[in-house]
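The structure appears below as structure tokens.
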2 protein chains.
Amino acid sequence: MNLKELSRRLGLSQTTVSRALNGYPEVSEKTRRRVAEYAERLNYQPNPNATRLATGKSNTIGHVIPLSGHDMINPHFSDFIAGAGEVYNRRGYDMLISVVNAAEQSMTYKTFHRNKRVDGVIVHSPTIDDDRIAMLNRMRIPFVVHGRTGDPEDSYSWVDVDNADAFQKATRYLLELGHRRIALINGLEPMTFAARRREGYEAALVGFGLKPDKGLVGSAEMIEPNGHKWMGRLLDSPAPPTAVLCSSILTTMGAMRLLRERGLTPGRDMSIVGYDDRLSFLPSSGEDKALTAVRSGIRLAGSHCADMLIDQIEGKTGNRHLLLEAEFVIGNSTGPAPRN
Amino acid sequence: MNLKELSRRLGLSQTTVSRALNGYPEVSEKTRRRVAEYAERLNYQPNPNATRLATGKSNTIGHVIPLSGHDMINPHFSDFIAGAGEVYNRRGYDMLISVVNAAEQSMTYKTFHRNKRVDGVIVHSPTIDDDRIAMLNRMRIPFVVHGRTGDPEDSYSWVDVDNADAFQKATRYLLELGHRRIALINGLEPMTFAARRREGYEAALVGFGLKPDKGLVGSAEMIEPNGHKWMGRLLDSPAPPTAVLCSSILTTMGAMRLLRERGLTPGRDMSIVGYDDRLSFLPSSGEDKALTAVRSGIRLAGSHCADMLIDQIEGKTGNRHLLLEAEFVIGNSTGPAPRN
DNA sequence: TTGTAAGCGTTATCAA
DNA sequence: TTGATAACGCTTACAA
């Protein structure tokens with residue numbers, strides 16, 4: 001059933017039917033009702049490919065996902081799209097995902113735009129020196145960044161967690177417990193979120209009169225095995241830390257695993273503060289009190305990004321910014337620093 | 001730059017240019033080369049919306065992802081799409097993901113098809129009594145199932161792991177170690193893969209002259225907290241098992257966590273066999289020997305599904321089937337059953 | 001308030 | 001081997 005056929009049956013022109021269906025004001029209420037009823041009964045649905053060709057609008061949001069070196073997709077991603085996907089569904093948008101090699105990334109954005117495949121994109125994993133912001137602004141394609149870059153903050157829309165603040169608070173908490181050698185198992189530091197976490201961590205140390213020690217900071221992709229590896233390195237170093245901050249729940253798990261292997265007890269032999277993205281498949285911090293953690297749900301961030309982007313696409317707003325505050329949950333993985 | 005403009009500059013008709021670009025045989029080599037060269041130089045790319053409208057082909061694969069009760073996306077999903085996405089990218093397809101409520105699911109498939117949004121779909125999480133197979137066959141939309149349903153196996157294409165065999169072997173291994181009370185922490189049993197795992201498990205028991213005990217089987221969504229919960233229930237039951245099979249690496253982790261809390265050592269106080277989907281963010285079984293596991297990469301399954309579906313769409317094949325065999329990796333989480 | 005007709009950028013049919 | 005021209009199914013000036 002297409003427009004032509006539908007309007008033939010109604011004895012109206014395609015124009016009128018199209019207008020009635022799309023809520024144009026100049027259609028009489030009576031006609032509109034009759035059209036709506038017929039469309040419903042005959043189960044008419046416009047062909048989106050035709051609509052897109054005619055309007056240039058795709059009702060689709062693009063996500064470009066680079067396969068990082070290890071050929072893996074960021075494990076936090078599935079929760080992000082759960083949040084975003086729900087919003088897309090509710091607001092009538094499709095989600096187009098393009099898995100690409102890192103090198104093809106910017107080309108993919110260009111192609112998306114030029115071909116009118118998407119009305120807007122979500123930018124994932126921004127780096128400090130990220131050329132995508134300028135590029136997307138140049139192309140005038142609506143976008144929202146999940147996180148921030150080094151660009152001026154009002155030059156683009158973003159949804160971010162106050163990472164610096166969160167890690168500063170967490171570090172201060174450890175300092176107040178008496179810890180002086182505090183390590184950080186961070187994400188990859190070209191990523192802005194990781195850089196900011198380090199800033200917060202160092203600011204707390206400096207504020208306490210301590211000098212940050214590079215030997216106490218690790219940086220790696222945030223997967224379980226890396227938490228394990230870094231915890232081992234830290235313990236084996238000449239002057240091991242008494243407390244560790246982890247940038248992800250996955251590295252936290254890896255670090256915990258290593259402590260177990262060494263027979264060490266979290267909170268007593270080593271204090272650990274994790275970062276809990278509230279991944280839906282893992283236990284939530286705060287429930288069993290096992291973990292002291294900075295907490296902020298990534299799924300929520302996904303839905304905020306989606307709403308913000310669609311508002312922008314539909315011309316409801318200009319650039320917007322949302323800075324979420326992370327919670328700090330105290331559990332049993334932290335405790336006072338050992339004497340001497 | 002569009003076809004019209006390009007052909008004007010070439011002094012050729014749109015028809016010829018289109019034919020040259022699409023590899024039709026009736027174009028002279030000379031013309032073809034000239035056209036190709038111009039297209040390249042002027043950076044021409046056909047507008048896919050126009051192509052789709054004209055051809056009815058979308059070069060897009062759909063994935064319908066129902067949000068299950070807990071509003072979460074299957075955590076194994078991100079690895080699956082890493083595998084599939086790479087193939088799509090290589091073979092020129094887009095991935096369209098629709099996150100829907102469980103109730104909207106079949107409607108979404110219908111809409112996808114009717115509107116020519118996708119050329120085919122991947123069916124996730126098939127159940128034994130799954131109405132999607134009949135529906136998709138009726139709609140004549142190409143599809144590949146990741147897993148199998150209760151339908152005749154040659155009535156659709158699928159990629160699956162031999163779950164029954166894998167769990168039969170794993171159970172037999174435990175039996176040979178002397179275990180007699182062997183539990184299974186399974187996935188949701190309406191899902192075919194879970195039902196088959198249970199079948200394999202029970203077949204091994206029966207083959208050994210034992211009677212399956214319903215009290216030793218748990219069934220729940222395969223996330224960490226459920227492994228933890230079920231391990232606890234099993235230990236607290238009147239006659240606890242001496243060995244446990246887990247249907248997922250996540251429930252395995254949860255079960256291990258509970259053992260630790262109770263001060264029990266895997267492989268000595270309780271034998272555990274896990275299922276390792278080789279999720280990219282977790283340690284791989286077999287590396288540190290911590291876990292005895294049935295192993296089959298979900299990412300590989302994703303790429304197989306994608307290739308099979310595209311072959312089908314492009315008319316290269318009819319229904320096909322691929323049964324992958326899981327590996328069995330022996331680690332330290334299993335050991336002889338305790339005496340008496 | 002409704003209708004006519006052009007346009008969106010391709011591919012496909014038919015004729016030359 | 002090439003070219004006119006009609007689809008594909010919608011939206012949108014412009015006219016009535």
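Since we're looking at a predicted model, the values are computed, not measured. For the numbers below, each heavy atom of this structure counts, side chains included, while hydrogens, waters and symmetry mates do not.
Atom pair B:N115:CG and D:dC8:P shows a separation of 17 Å (rounding to whole Å applied). Taking atom NZ of A:K116 as the reference point, atom C1' of C:dG7 lies 13 Å away to the nearest angstrom. Following rounding to the nearest Å, A:K57 (NZ) and D:dC10 (P) show an atom-to-atom distance of 17 Å. Taking atom CG of residue B:N47 and atom C1' of nucleotide C:dG7, one finds them 13 Å apart after rounding to whole Å. The interatomic distance linking B:R114 (CZ) with D:dG9 (P) rounds to 13 Å, in whole Å. Remark: C1' of D:dG9 and CG of A:N22 are 13 Å apart, rounded to the nearest angstrom. B:L6 places its CG atom 13 Å from the P atom of D:dG3, with the value rounded to the nearest Å. Between A:R52 atom CZ and D:dG9 atom P there is a gap of 15 Å when expressed in whole angstrom units.
Checked against D:dT12, D:dT11, C:dT10, the side chain of B:Y44 finds its nearest nucleotide in C:dT10. Set against D:dA4, C:dT4, D:dC10, the side chain of B:S13 has D:dA4 as its closest nucleotide. For A:V27, whose side chain is taken as the heavy atoms from C-beta onward, the closest listed nucleotide among C:dT2, D:dC10, D:dT2 is C:dT2. The B:L53 side chain lies nearest to D:dC8 when the options are D:dC8, C:dT2, D:dT11. Checked against D:dC10, C:dT10, C:dT1, the side chain of A:N2 finds its nearest nucleotide in D:dC10. In this structure, the nucleotide among D:dC8, D:dC10, D:dT12 sitting nearest to the side chain of A:Q14 is D:dC10. The side chain of B:T31 sits closest to D:dT1 out of C:dT2, C:dT10, D:dT1. When distances are taken from the side chain of A:L3 to each of D:dC10, C:dT10, D:dT2, the shortest belongs to D:dC10.
Checking B:E26 against B:A50, the closest nucleotide of DNA chain D that is more toward the 5' end is the one next to B:E26. Residue B:L12 is the one, among B:L12 and A:K4, whose nearest nucleotide of DNA chain D lies closer to the 5' end (criterion: closest heavy atom).
Proximity of A:D79 to A:D277: side-chain heavy atoms (C-beta onward) are nowhere separated by under 4.5 Å. Between A:L42 and A:R9 the shortest side-chain heavy-atom distance falls below 4.5 Å. At least one side-chain heavy atom of B:I122 sits under 4.5 Å from a side-chain heavy atom of B:L309.
Interatomic distance, CD of A:E86 versus CG of B:N101, reported as 7.5 Å (0.5 Å rounding). Taking NE2 of A:H304 as the reference point, atom CZ of A:R320 lies at 10.0 Å (rounded to 0.5 Å).
Taking 3.5 Å as the limit, the base of D:dG3 and the side chain of B:R19 contain a donor-acceptor pair of atoms between them. A donor N or O paired with an acceptor N or O is found under 3.5 Å between the base of D:dT12 and the side-chain atoms of A:T15.
One finds no side-chain N or O of A:N49 lying less than 4.0 angstrom from the OP1 or OP2 phosphate oxygen of D:dC8. At the phosphate of D:dT2, neither OP1 nor OP2 sits under 4.0 Å from any side-chain N or O atom of B:Y24. Within the 4.0 Å cut-off from OP1 or OP2 of D:dG3, at least one side-chain nitrogen or oxygen of B:T16 is found. Residue A:S18 places at least one side-chain N or O under 4.0 Å from the OP1 or OP2 atom of D:dT11.
Between B:H124 and B:F80, the distance separating the two ring centers is shorter than 6.0 angstrom.
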